[in-house]
Number of protein chains: 4
Amino acid sequence: MQVSATQPMPEKEHEFKAGRPRSEESRRAILDATRRLLTHMSVNKVSIEAIAKKAGVGKTTIYRWWPNKQSVVMEAVFTQPGFQNFMPQADNAFEGIKGQIEKLVRQLTGKNGRIVAEIIGECQGDVEILKALVKNFFQDRYNSLAYYIQKGKQDGTFDTGVDVEVAIDVILGPVIFRLMSGQNLDEAFSRNLTNMVRGAMGAKHTA
Amino acid sequence: MQVSATQPMPEKEHEFKAGRPRSEESRRAILDATRRLLTHMSVNKVSIEAIAKKAGVGKTTIYRWWPNKQSVVMEAVFTQPGFQNFMPQADNAFEGIKGQIEKLVRQLTGKNGRIVAEIIGECQGDVEILKALVKNFFQDRYNSLAYYIQKGKQDGTFDTGVDVEVAIDVILGPVIFRLMSGQNLDEAFSRNLTNMVRGAMGAKHTA
Amino acid sequence: MQVSATQPMPEKEHEFKAGRPRSEESRRAILDATRRLLTHMSVNKVSIEAIAKKAGVGKTTIYRWWPNKQSVVMEAVFTQPGFQNFMPQADNAFEGIKGQIEKLVRQLTGKNGRIVAEIIGECQGDVEILKALVKNFFQDRYNSLAYYIQKGKQDGTFDTGVDVEVAIDVILGPVIFRLMSGQNLDEAFSRNLTNMVRGAMGAKHTA
Amino acid sequence: MQVSATQPMPEKEHEFKAGRPRSEESRRAILDATRRLLTHMSVNKVSIEAIAKKAGVGKTTIYRWWPNKQSVVMEAVFTQPGFQNFMPQADNAFEGIKGQIEKLVRQLTGKNGRIVAEIIGECQGDVEILKALVKNFFQDRYNSLAYYIQKGKQDGTFDTGVDVEVAIDVILGPVIFRLMSGQNLDEAFSRNLTNMVRGAMGAKHTA
DNA sequence: AGGTAACCGAGACGGTACGTCACGTCTTTAC
DNA sequence: GTAAAGACGTGACGTACCGTCTCGGTTACCT
């Protein structure tokens, strides 16, 4: 996963690159340092300067590869194991959605949740960065959910009148809202939400 | 509406207050300046220094009455006419909720929505400030919705198994999530969401 | 001793003064507070605000009676017992000068010396304040020395070619210079200086 | 002349220095701006902020290289041409001292004198800064005078009982005292003082 | 006895400057 | 050409005091 606000895609098979190549070691050091700093302080308080110092890296090296702090933090957080959202495996539409909710709630429980809330917060001030956030974090969840909702509408599990976009908002929204209003995310919430989503989609109450 | 992070309630009929009294003029100038700055730039970019300068006021005067920038901005934005959320008038539980959604979506459409999104974002970095946000913005909406949901559960409009807290998340969450993921808030969304909420509450589909 | 930078002389036998009279209690509290603060910190660090607070007095009360911090400090320090310089008693011109040197060195030994050095320093930035300093501290010493020098010139103890002003500089200068260059003022210095002054005045070396 | 409060001596032949080197241009701009400001206002009124602004330089750049305002001002003033005090050339001990007095009085006549008085004043509040003042301004004069006095004591020009330290105080003290008590420094004073110093040193009156 | 006027404490006010922090850029040497 | 180091101009931070200004309340003398 290449997390970045700008570069579309530097794909090229075997391009000649003069000069010293990018240091993979530095890249890792930067992301590691960022993650370590985030355990001690809020995204807000983490500075590029602190990351550079902790990583034993020049500030320029960070600015060369990431356009801003938010991008660094996003890459550091969202590429951690456990934060990926692989494509659907469930056969049953509703089970798929249920799984998505459970997984998301699990991912956002505890310290990680707070960090993600702060990241979402930090991205509000700039449209480009907000787009990058959507691309790097929400898009995958969005796609998975869209897949299941479409599937459910086709196989009669869900009401055909359901608007996919709004349905996704009804699923992701409550989780993110809980997170950002400082409330607990736990398994009970996950279960309750799942039930309400079922009703919202016009699903037969069979569970 | 007194927007502030801390003061609980200095209720006293005729308390003696030594010293020069607080300048109502300065207070207004500060909030006005803040509002005017917010039309030009993001919350992030607005500085206490800029507010003070634009208001023709010493920085100390701001710090004397507000603990941080977020509090100033919250008071400036949330006390504007049109941002209050008065207590329920609707007789019908569902109509009440529908009204709440419509009003909220209307309030968050356009520039105001962006500003609120940024405020919510700015509040993520500090628990105390986050609490102040909840108190100053979400609490009223929360209470209104809780009232209607309770009412609906009692009069049989809604499923009695509905968890009030989660139900509120399902109503407010999608709106806030839309806002903070950079999507449009419009009347169509409002209508669609209302329908899904009806289903989520286990309401009889009579509309 | 009325220490002040400005007032020339409001002497009037029984002038009518309407209104509440000046509070002697506050005046004393201010000077006491100043003295106490000066034992803990440099003149520089002492603020009118701190004096007012420590004295339990409004800032206005200080500004009503003293034009600036330096004046307060001068009055606080120079009116202390032991800082007065009474007029000459010695019969012998040289003995008089010797006594003046000894007294001055004694007064400026230890903490008091440091404070006086700081006062002199603080007065350099403003001509009016500097004049007040001269009037409040140096004038008396100056006059005493001038008296003895004149006397010595008349009775043949000192060379008649001696310029009184410069002679005074030769007497006071070394003491003040020692003080302000951070060196020790002690009895040995006092004795050495006295001897050199004798030579400088063209006195017969009889001691 | 390297004016500074602290650094002992970073002597190294060809030390490797990573990073962007110190900007000589900024250094000069800072000292120039300081000098220009000092022609308009007292040392007291000159602020680091004003220097930075006038020099077109960040405040940090000043704080990086000087520990406080006094150090900047000292370097700005004392490194000016005409303020250096080169080592003795005179063969005759008394002529040497006479020359030192004349030069010092010349240096401290007019605006420069006022500025130096203010610098000495500003340095009284802090021992470290006072030491720096002594090192940067007084030490050279001190050494020159000590050389001549020693010489004079050896060749019989001066009384052998003269204490070198006190003798220096008797020479420098009157000048500095005149300066700081707001009196004139002129050629007549210089001549008068020289004569008295001669007597003080126990020299034969041959002039 | 009441009026009037200057005093007093408290503390808010518009300011200026402080010294620090982080920003994003630039300039050097080394790899 | 990329890297670490670190200096640079910029701008905001939150704090400390400045000297002034309102407040309510307090003496005192003079009618």
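Order of the sequence lines sets the chain letters (A, B, ...), proteins ahead of strands, with each chain counted from 1. Keep in mind it's a predicted model, so treat the numbers as computed, not measured.
For B:R20, there are no salt bridge (Lys or Arg N to Asp or Glu O under 4.0 Å) partners, not counting sequence neighbours.
Nearest-nucleotide positions on DNA chain E place C:V57 closer to the 5' end than the other of C:V57 and D:G19. The nearest heavy atom of DNA chain F to B:Y63 and to A:A52 marks one nucleotide each, and the one closer to the 5' end goes with A:A52. Between B:A18 and D:A18, the residue whose closest nucleotide on DNA chain F is further toward the 5' end is D:A18.
Taking 4.0 angstrom as the limit, D:T61 places none of its side-chain polar atoms (N or O) nearer than this to OP1 or OP2 of F:dA7. Note on C:W65: a side-chain N or O is less than 4.0 Å away from OP1 or OP2 of E:dC8. Here C:R20 reaches the OP1 or OP2 of F:dT27: one of its side-chain N or O atoms lies under 4.0 Å away.
Side chain of A:E118 to backbone of A:V43: a donor-acceptor contact under 3.5 angstrom is found. Checked by atom type and distance alone, the side chain of A:T34 pairs as donor or acceptor with a backbone atom of A:I30 at under 3.5 Å. The backbone N or O of C:E122 sits less than 3.5 Å from a side-chain atom of C:Q70, completing a donor-acceptor pair. A side-chain donor-acceptor contact under 3.5 Å links A:K69 to the backbone of A:V46.
The distance between atom CD1 of D:I62 and atom P of F:dT10, rounded to the nearest whole Å, is 12 Å. Going from atom CG of B:D126 over to atom P of F:dG14 covers 12 Å, rounded to whole Å. Atoms NZ (A:K53) and P (F:dA7) sit 12 Å apart, rounded to a whole Å. Atom-to-atom, CD1 of B:I51 to P of F:dA12 comes out at 11 Å; the value is rounded to the nearest Å. Atom C1' of nucleotide F:dG19 and atom CD of C:Q70 are separated by 14 Å, given to the nearest angstrom. We find that CD of B:E24 is positioned 15 Å from P of E:dA12, with the value rounded to whole Å. If you measure from atom CG of B:N68 to atom C1' of F:dC13, you get 13 Å, rounded to the nearest angstrom. One interatomic measurement links the two molecules: CD of D:E25 to P of F:dA7, which rounds to 17 Å at whole-angstrom precision.
As judged by a 4.0 angstrom heavy-atom cut-off over every strand, C:K59 is placed among the base-contacting residues. Counting any heavy atom pair closer than 4.0 Å across all strands shown, A:T60 reaches a base atom.
The side chain of C:R64 approaches E:dC8 more closely than any other nucleotide in the set E:dT25, E:dT20, E:dC8.
In the region residues 30-50 of chain C, proximity to DNA chain F at under 4.0 angstrom, judged on heavy atoms, holds for C:S47, C:I48, C:E49.
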Let me see the working for A:C123 and A:M74 under side chain to side chain contact (heavy atoms under 4.5 Å, CB included), right down to the final yes or no. CA-CA 10 Å; A:C123 291; A:M74 280 193 254; 3.8 Å; yes
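When side chains are defined from C-beta on, B:W65 does not count as touching B:E75, because their heavy atoms never get closer than 4.5 Å.
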